[in-house]
2 protein chains.
Amino acid sequence: MSGSPTIRDVAKRAGVAVSTASLALNGKPQVSQQTRLRVLQAAEDLDYSPHAAAKNLADGRTRTIGLVNPTTVEHLFTSSGFFMRLIRGMHRAATEEGYSVSLHIADSEEEAKAAIRAAVRTRSADGFVITNPTVSSSYLRDFKRHRAPVVFIGRPVEDAVYVDNDNVEVSRVGVRHLIECGHRRIAFLNGPEQFTFCHDRLLGYRTALEEAGLPYDQGLVWRSEQTAEAAYEVVRAGLAEHRFSALFAVSGIQAVGAVRAFRDSGLAVPDDVSVVCVDDTELTRYSIPPLTAVALHENWLGYWAVKLLLHAIKMQTATYPVLLPGELVIRGSTAPSRERVTEVSGRRG
Amino acid sequence: MSGSPTIRDVAKRAGVAVSTASLALNGKPQVSQQTRLRVLQAAEDLDYSPHAAAKNLADGRTRTIGLVNPTTVEHLFTSSGFFMRLIRGMHRAATEEGYSVSLHIADSEEEAKAAIRAAVRTRSADGFVITNPTVSSSYLRDFKRHRAPVVFIGRPVEDAVYVDNDNVEVSRVGVRHLIECGHRRIAFLNGPEQFTFCHDRLLGYRTALEEAGLPYDQGLVWRSEQTAEAAYEVVRAGLAEHRFSALFAVSGIQAVGAVRAFRDSGLAVPDDVSVVCVDDTELTRYSIPPLTAVALHENWLGYWAVKLLLHAIKMQTATYPVLLPGELVIRGSTAPSRERVTEVSGRRG
DNA sequence: CCTCTTTGTCGAAACGGTTCGACTAAGTCG
DNA sequence: CGACTTAGTCGAACCGTTTCGACAAAGAGG
């Protein structure tokens, strides 16, 4: 009488058994065209929609995926739009297949594990996407035990299905641009080593140098936390001890700090030193000068993570990692080297 | 045998009926201390946790709240950390009371309504938080029909429970700071009028002027989309026609455009013109000069939205709007007016 | 000592779906 | 025409919990 209509109401109105109504509503083949139509019409008339929890209970599928976000890279998630773009991509992939996304945010590793554990045990999601897999090992156990598929965003230290930017390529492309501008002594501003993306980007830097026949100088590889202030200090220190005409930074916020360090040292960007960084955000786009950057497509990261996850959920089988390319966006922080201008052939696309 | 333990397993192991086990596990008073302990111990032994969907089906509570985000203010949500901060606050409030958050993102008004409708009808959330209530009326109907409590983030055009920044106060505080710096002709760079926050901030601007006995000059109130480029154009145009020594912008990104316009017109910030904006983000903090801003606390917006929502869910009763104060953060874009320095008494907190 | 409450426990009936095995009425085949 | 498949439908069981009404035992009041 009062509440929403149930499948029983629909069945009654269509003059069929409940089971038949269920079959018809779910498009199962064994119902005759005629009954199917009657049932569908009845459902329409009653403005019926199935109760999510009841479905879940009956067939064991929650049609929900959990996004687990241990917020270890504070800056990345709270400041830039990274997270939002990720989420939008995830959400799109999920809705495409009738799934919804639920959140599990945690401020510490412990909290994240507790959240995951709870979610897995109450069977409130069919699978999980986990960002920031700095310490992935401990997670995996719980998932395996409960047969919950997992996809990581960002390459985890150990074997697991994941989606990530092709970080080697990302920095390779950026550094190559600098080389093509004629720079020969290129500093590399890295982030904390425990992140695989930092490791990979360093590799891309070395690769680019190697390909160009340039020497790899340990002294030009610096490391700082992912903040403008930390980057500033490191670059000031580097300036005092080394000569170079360009810098590649693994994050936009670090690049901002670097640019400030140059400015405070009386060096103009790009006239005296060129800068390329990863991530083309408002922060880098509207800094002065606008920074040439390798843009990442986080929405696609999220999208593919969910696609992979859903595949795993349905097929009960593991899948392969997916690597996404970055895209060089040439803005105002790079210029031909003044020291020695060689062929400059950067594709301005 | 195979699956996770159910409450039946727990009951059996504790030697009680299923119903008693349920009572004990949920801390209901009518179980004896002794049985309660036996049940709890059994649950512990079996590593039991209740099946979320089953609970939901039985008692009708999903213990989930839906976050609906019609992404109409593109910039706000995809670029700044706004959304992430909001989410973290929401998540915190939700987990505090054993709730989880599920996402419903939409790229258009229509899509958002469809998403909401589906969520409401499948009874997959106990209530909803809706951001960007530009066109709220159409939403409300669906919710009311299904008795789903809703809290808006941002003041909607029509009556409803909501949480918002105290936008009048936000700009009042910022403008007052400029006035205290001695500025008498202060331009106001507004956003699209259909947003209530723009309306309210303009009001705050007028209030501040009035309180200081300064005239309100229509010609100094400009309007642009929420992008740096749009702001740039509007400010260039304004510069050509009006004299002023300070500007208040309703968003950080617009302020960035304005600063650029000043620079390109040969005006130094803050020496020639002071700038204050709303929202103290990386973008404004690391621009040159760092912008004096009124910081908003989006995490608290999210937090209180959920608190209010949960209150409404539990008490079955409507609640009152909550307004959050902003906080003036003095950075490098404001300086005493050169024209006529009056008492400068800004609280540098 | 008998009745009336209180306390603790229990079985059974929801909640709203899906799925499985059984059944009937048509075809199909030889 | 009888035996065998097949298509379509149905009733019942099940998913894992909560909740309600019944009930026995114990304690209180007269």
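Chain identifiers are assigned alphabetically (A, B, ...) following the order of the sequence lines, protein sequences preceding nucleic acid strands; residue numbering begins at 1 within each chain.
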For B:Q30 and C:dT9, what is the distance between atoms CD and C1' respectively, to the nearest whole Å? 10 Å

State whether the side chain of A:R121 and the backbone N or O of B:D47 hold a donor-acceptor pair below 3.5 Å, judged by distance alone. yes

For nucleotides 19-21 of chain C, list the nitrogen or oxygen atoms of the protein found under 3.5 Å from its nitrogen or oxygen atoms, one pair per line.
residue, atom, partner, partner atom, Å
C:dT19, OP2, A:K28, NZ, 3.2

So, B:D126 and B:R63, do they make that salt bridge, N to O below 4.0 Å? no

Would you say a side-chain N or O of B:T35 is under 4.0 Å from OP1 or OP2 of C:dT9? yes

Where each residue is assigned the nucleotide of DNA chain D containing its nearest heavy atom, which of B:S49 and A:S32 is assigned the position nearer the 5′ end? A:S32

What is the distance from CD of B:Q33 to P of C:dT9, rounded to the nearest Å? 11 Å

Interatomic distance, A:I7 CD1 vs C:dC15 P [rounded to whole Å]: 15 Å

Do side-chain atoms of A:N26 reach the backbone of A:S22 as a donor and acceptor pair under 3.5 angstrom? yes

Do A:E298 and A:R88 sit within salt-bridge range, that is, some charged N less than 4.0 Å from a carboxylate O? no

Taking atom types as modelled, is there a side-chain donor on B:T131 or B:N69 under 3.5 Å from an acceptor on the other? yes

Going 5' to 3' along DNA chain D, between which two nucleotides do contacts with chain A fall, using a heavy-atom cut-off of 4.0 Å? D:dG8 to D:dG16

Check whether any side-chain heavy atom of B:I65 lies under 4.5 Å from a side-chain heavy atom of B:L310, and answer yes or no. yes

